[in-house]
Amino acid sequence: MGRLTTHVLDTARGQPAAGLALALFRRTGAPGEDVPLLRGLTNADGRLDAPLLEGDALRPGVYELVFEAANYFRAQGLVLPEPPFLDRVTLRFGVADAQAHYHVPLLLSPWSYSTYRGS
């Protein structure tokens, strides 16, 4: 059974990014017609308590994960410039095999981010 998960690490503080808001969308290809699938907050480990998608809900296609980076860092007490260098971090990725596990980690600081397909 396929599933989609994420994990966010705050590399500026060296710990999981707890309380970071995120949203997941399925891209339709038509401008302005993306399908919202989920909104959530990361837990103390920087993850959601359940997979973003699993089973029949995970279909081949293009998805976007949007992470509210600036709001998260402000909530940590960090003073950011206006506008912040990173406000929302949007990761667009493809799912080719809906039976596979797609893990999308985010390593995040106020000034940079990186991602990869994890396991």
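Numbers here are sequence positions counted from 1. It should be emphasised that the depicted structure is a prediction, and the values quoted were computed from it without experimental measurement. Just so it is clear, the values below take in all heavy atoms, side chains as well, and ignore hydrogens, waters and symmetry mates.
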Quick one: [atom1] on [X] to [atom2] on [Y], what's the gap to the nearest 0.5 Å?
| X | Y | atom1 | atom2 | result |
| --- | --- | --- | --- | --- |
| L80 | Y72 | CG | OH | 11.5 Å |
| L106 | L65 | CG | CG | 9.0 Å |
| L9 | R47 | CG | CZ | 8.0 Å |
| T6 | L24 | OG1 | CG | 9.5 Å |
| L86 | S109 | CG | OG | 7.0 Å |
| L53 | T5 | CG | OG1 | 10.5 Å |

If hydrophobic clusters are built from ILVMFWY residues whose side chains come within less than 4.5 Å, do [X] and [Y] share one?
| X | Y | result |
| --- | --- | --- |
| V66 | V35 | no |
| L78 | Y113 | yes |
| L38 | V89 | yes |

**OP:** Please test L108 against L20 for side chain to side chain contact (heavy atoms under 4.5 Å, CB included), starting from the C-alpha separation and ending with a verdict.
**Re:** CA-CA 11 Å; L108 182 64; L20 185 137; 3.7 Å; yes
Would you find a donor on one side and an acceptor on the other, under 3.5 Å apart, between the side chain of [X] and the backbone of [Y]?
| X | Y | result |
| --- | --- | --- |
| T42 | L48 | no |
| T115 | P105 | yes |
| Y102 | D97 | yes |

Are there over 12 heavy-atom neighbours, none belonging to [X], within less than 6.0 Å of that residue's [atom1]?
| X | atom1 | value |
| --- | --- | --- |
| R39 | CZ | no |
| R88 | CZ | no |
| R59 | CZ | no |

Original post:
Residues in side chain to side chain donor-acceptor pair (under 3.5 Å) with D49, at least two apart?
Top reply: N43
Using every non-hydrogen atom in the two residues, find where [X] and [Y] come nearest and quote the distance to one decimal.
| X | Y | answer |
| --- | --- | --- |
| L37 | R26 | CD2-NH1, 3.7 Å |
| L58 | A98 | O-CB, 3.3 Å |
| W111 | F85 | O-CE2, 3.3 Å |

**OP:** Would you check if D45 and H7 make a side-chain contact, meaning some heavy-atom pair closer than 4.5 Å?
**Re:** yes
Original post:
Any idea how F93 and Y63 line up, ring-wise: parallel (<30°), tilted (30 to 60°), or perpendicular (>60°)?
Top reply: parallel
Original post:
Among side-chain atoms of S119 and H101, is any donor-acceptor pair under 3.5 angstrom?
Top reply: no
**OP:** For the pair F73 and D10, evaluate side chain to side chain contact (heavy atoms under 4.5 Å, CB included) and give the outcome as yes or no after the intermediate values.
**Re:** CA-CA 9 Å; F73 284 112; D10 177 339; 3.6 Å; yes
Subject >> side chain to side chain contact (heavy atoms under 4.5 Å, CB included) evaluation trace for V104 with L91 >> reply: CA-CA 9 Å; V104 184; L91 303 179; 3.9 Å; yes
